[in-house]
Undergrad: 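This is the structure I have questions about; it appears just below.
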Amino acid sequence: MQTVLVSGASVAGLTLAYWLRRNGFAATVVERAPAVRPGGQAIDVRGVALDVLDRSGILAEARAVRTRLRGMTMLDGQGNETGRSTEMTLSGGRLGSTDIELLREDLTELLHRQALDAGAEFVYGDSIAALDDRADGVRVRFERSPERTFDLVVGADGLHSKVRALAFGPEEEYLQHLGAYLTVFSAPNFLGLDNWEIWLDDESAGARTASCCVYPVRGNSEIRATLGFRSDRIAYDRRDTERQKALMAERLAHVGWETPRLLQAMREAPDFYFDQMAQIRMDRWTTGRTALVGDAGYCPSPLSGQGTSLALVGAYVLAAELGKRDGGGHAAAFARYEARMRPFAALNQALAHAHAAGDHSEESMEKAKNGIALDG
């Protein structure tokens, strides 16, 4: 049985581990965190990605834990209402559609269970330190665990992928900054929101400078907040969360409404996340016996609303191509994976730029979310 090491236990890595097991591979997932990471914003599963959940046997469960938003209110930077809708939310799209908006942690819990039940091995609290890609396998040196050799290695380790850096070169060669930074965190529902989203946009000199999106979850007992600001690239230590919180507070200090209370909740949040809005653009996602999937290879940024769907579909397609018994080996499978996924990834990365320009047309979204056939 061929062995595959998957780096990263989020949506792409967990989906890949499950489908590798289904296709006859021994899958090992290594994750830097001590367990599957909790927290995170509501994420969207749309179009063909829903078919991946269906084929994985968890579509009904995913629908059961979806968010229950009834609509949204739009505010300006001082909290004045500029619009409202009971037909859509900016975070999840059109209400009543077949698409699913659910918490990231709820989806990863379902995917993790499926991968475990399928027999995937998990190594927590560790990460890859070095890769030696040879003709007969990849020798992997870990930060903590003993060295091991695998037939293949797949980086499913996100925007700042360690596997990508080791196998393809520095992040700076592939990361395209999209002019903004954001933070996501959870807090008690001190706003008293009842299945209702609030979206605030602060503008200065006709351009958006900062934004807040807040919505309730867990039966309205909690909120998830996403705060952001426009900026060119900033040099900061990704491990220094206190400095990141201070930076966010500085950039949103002028914003009205409940923003000061949100910033205080951010300082106290147990699950604070901060990063730039960015895309990963690469000419190839595979080299030798190593491949990339999801954000590690083709992050579309949260602006697209399609990162989760891309991760689900990319993992499914990669596992399917590797599993073809007359497929000509991993090199041919990698080539088919790239050929099938590239048009789909390009559509979804373009969607982010359209959304940034204010184009939220259903036609653009429909093309992006259904731009690939699973049985290609």
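Just so you know, residue 1 is the first one in the sequence shown, and it goes up from there.
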Undergrad: Does a side chain donor of either T82 or D76 reach within less than 3.5 Å of an acceptor in the other side chain?
TA: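 Side-chain D/A pair, T82 to D76: absent.
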Undergrad: What's the verdict on side chain to side chain donor-acceptor pair (under 3.5 Å) for T3 and D151, showing C-alpha distance, side-chain angles and the deciding distance?
TA: CA-CA 5 Å; T3 57; D151 291 298; 3.3 Å; yes
Undergrad: List the residues meeting ring pair (Phe, Tyr, Trp, His ring centres under 6.0 Å) with F150, not counting sequence neighbours, and say none if there are none.
TA: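 Counting only residues at least two positions away or on another chain, F150 forms no ring pair (Phe, Tyr, Trp, His ring centres under 6.0 Å).
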Undergrad: Quick one: do E121 and R148 satisfy salt bridge (charged side-chain N to carboxylate O under 4.0 Å, His left out)? Show the steps, please.
TA: CA-CA 14 Å; E121 174 191 9; R148 294 170 62 177; 3.2 Å; yes
Undergrad: Is there a side-chain contact (heavy atoms from CB on, under 4.5 Å) between Y174 and L292 once you walk through the steps?
TA: CA-CA 13 Å; Y174 309 110; L292 302 173; over 6 Å; no
Undergrad: State which residues pass side-chain hydrogen bond (donor to acceptor under 3.5 Å, both in side chains) with R63; sequence neighbours excluded, sorted by chain then number.
TA: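 Applying side-chain hydrogen bond (donor to acceptor under 3.5 Å, both in side chains) to R63 gives none.
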Undergrad: Locate the shortest heavy-atom distance separating M341 from V313; write the atom from each residue and the value.
TA: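 In terms of heavy atoms, the two residues are closest at SD-CG1, 4.0 Å.
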Undergrad: Rounded to the nearest 0.5 Å, how far apart are CG of N23 and OH of Y18?
TA: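 Answer rounded to 0.5 Å: 10.0 Å.
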Undergrad: Can you tell me how far the CG atom of N220 sits from the CG atom of L191, to the nearest 0.5 Å?
TA: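 That separation rounds to 11.5 Å.
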Undergrad: Is it true that the side chains of R284 and T287 contain a donor and an acceptor less than 3.5 Å apart?
TA: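 On atom types as modelled, these side chains qualify, holding a pair under 3.5 Å.
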Undergrad: Please report the closest heavy-atom contact between R164 and S161, naming both atoms and the distance.
TA: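 Closest heavy-atom pair between R164 and S161: N-OG, 2.9 Å.
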Undergrad: Is it true that a side-chain atom of Q41 and a backbone atom of R104 form a donor plus acceptor pair closer than 3.5 Å?
TA: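 Checking the backbone N and O of R104 against the side chain of Q41, no donor-acceptor pair under 3.5 Å is found.
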Undergrad: Take atom CD of E61 as the centre, draw a 6.0 Å sphere, and report whether it contains more than 12 heavy atoms from other residues, nucleotides or ligands.
TA: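 Counting other residues, nucleotides and ligands, CD of E61 exceeds 12 neighbours.
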Undergrad: Is any NZ, NE, NH1 or NH2 atom of the basic residue among R218 and D106 found under 4.0 Å from an Asp or Glu carboxylate oxygen of the other?
TA: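 Result for this pair is yes, salt bridge flagged.
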Undergrad: Write down the atom of D126, the atom of S145, and the distance for their closest heavy-atom approach.
TA: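 So the two residues come closest at OD2-OG, 2.5 Å.
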Undergrad: Check whether K324 reaches the backbone of A333 with its side chain - one donor and one acceptor, N or O, closer than 3.5 Å.
TA: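 Absent.
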Undergrad: Check the orientation of F274 and F272. Use parallel for under 30°, tilted for 30 to 60°, and perpendicular for over 60°.
TA: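 Ring orientation of F274 relative to F272: parallel.
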Undergrad: Consider only side-chain heavy atoms of I, L, V, M, F, W and Y, link residues closer than 4.5 Å, and tell whether M266 and W257 are in one cluster.
TA: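 Hydrophobic grouping puts M266 with W257.
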Undergrad: Is R243 salt-bridged to E250, cutoff N-O under 4.0 Å?
TA: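 So R243 pairs with E250 through a salt bridge.
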Undergrad: Do the charged groups of R37 and E31 touch, with an N to O distance under 4.0 Å?
TA: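 Yes.
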Undergrad: Closest approach of F25 and V4, non-hydrogen atoms and distance?
TA: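 Minimum heavy-atom separation between F25 and V4: CD2-CG2, 3.8 Å.
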Undergrad: Would the distance check show the side chain of R144 and the main-chain N or O of G125 forming a donor-acceptor pair, the cut-off being under 3.5 Å?
TA: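 Indeed, once roles are kept as given, a pair shorter than 3.5 Å links the two residues.
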Undergrad: So, does Q306 use its side chain to make a donor-acceptor pair with the main chain of P300 at under 3.5 Å?
TA: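 Side chain of Q306 to backbone of P300, a donor-acceptor pair under 3.5 Å: no, none is there.
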Undergrad: Do M282 and M277 sit in the same hydrophobic cluster, where Ile, Leu, Val, Met, Phe, Trp and Tyr count as joined when their side-chain heavy atoms come under 4.5 Å apart?
TA: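 Looking at the clustering, M277 is in a separate group from M282.
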Undergrad: Evaluate side-chain contact (heavy atoms from CB on, under 4.5 Å) for D51 paired with V48, printing each intermediate quantity in order.
TA: CA-CA 5 Å; D51 296 330; V48 70; 4.1 Å; yes
Undergrad: Can you find a side-chain donor-acceptor pair between R261 and Q264 that sits under 3.5 Å?
TA: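 No, no side-chain donor-acceptor pair sits under 3.5 Å.
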Undergrad: Hey, what do you get for CD (E172) to CZ (R233), rounding to the nearest 0.5 Å?
TA: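 Separation between the atoms: 6.5 Å.
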Undergrad: What verdict does the side chain to side chain donor-acceptor pair (under 3.5 Å) test give for R230 and T209, after you've listed the backbone C-alpha separation in whole Å, the side-chain angles of each residue and the deciding distance to 0.1 Å?
TA: CA-CA 5 Å; R230 301 287 302 179; T209 59; over 6 Å; no
Undergrad: Honestly, is R55 close enough over W19, meaning NZ or CZ under 6.0 Å from the six-membered ring centre and within 45° of the axis?
TA: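 Not flagged: R55 not positioned over aromatic ring of W19.
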Undergrad: Can D99 and K369 be counted as an ion pair, charged N to O under 4.0 angstrom?
TA: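 A salt bridge is present here (some side-chain N lies under 4.0 Å from a carboxylate O).
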Undergrad: Would you compute the distance between atom OG1 of T290 and atom CZ of F168 and round it to the nearest 0.5 angstrom?
TA: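 The distance works out to 7.0 Å.
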Undergrad: Quick check on the hydrophobic clustering: are W285 and F334 connected, directly or via other members, by side-chain heavy-atom contacts under 4.5 Å?
TA: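 Yes; tracing contacts between hydrophobic side chains, which count when under 4.5 Å, links both residues.
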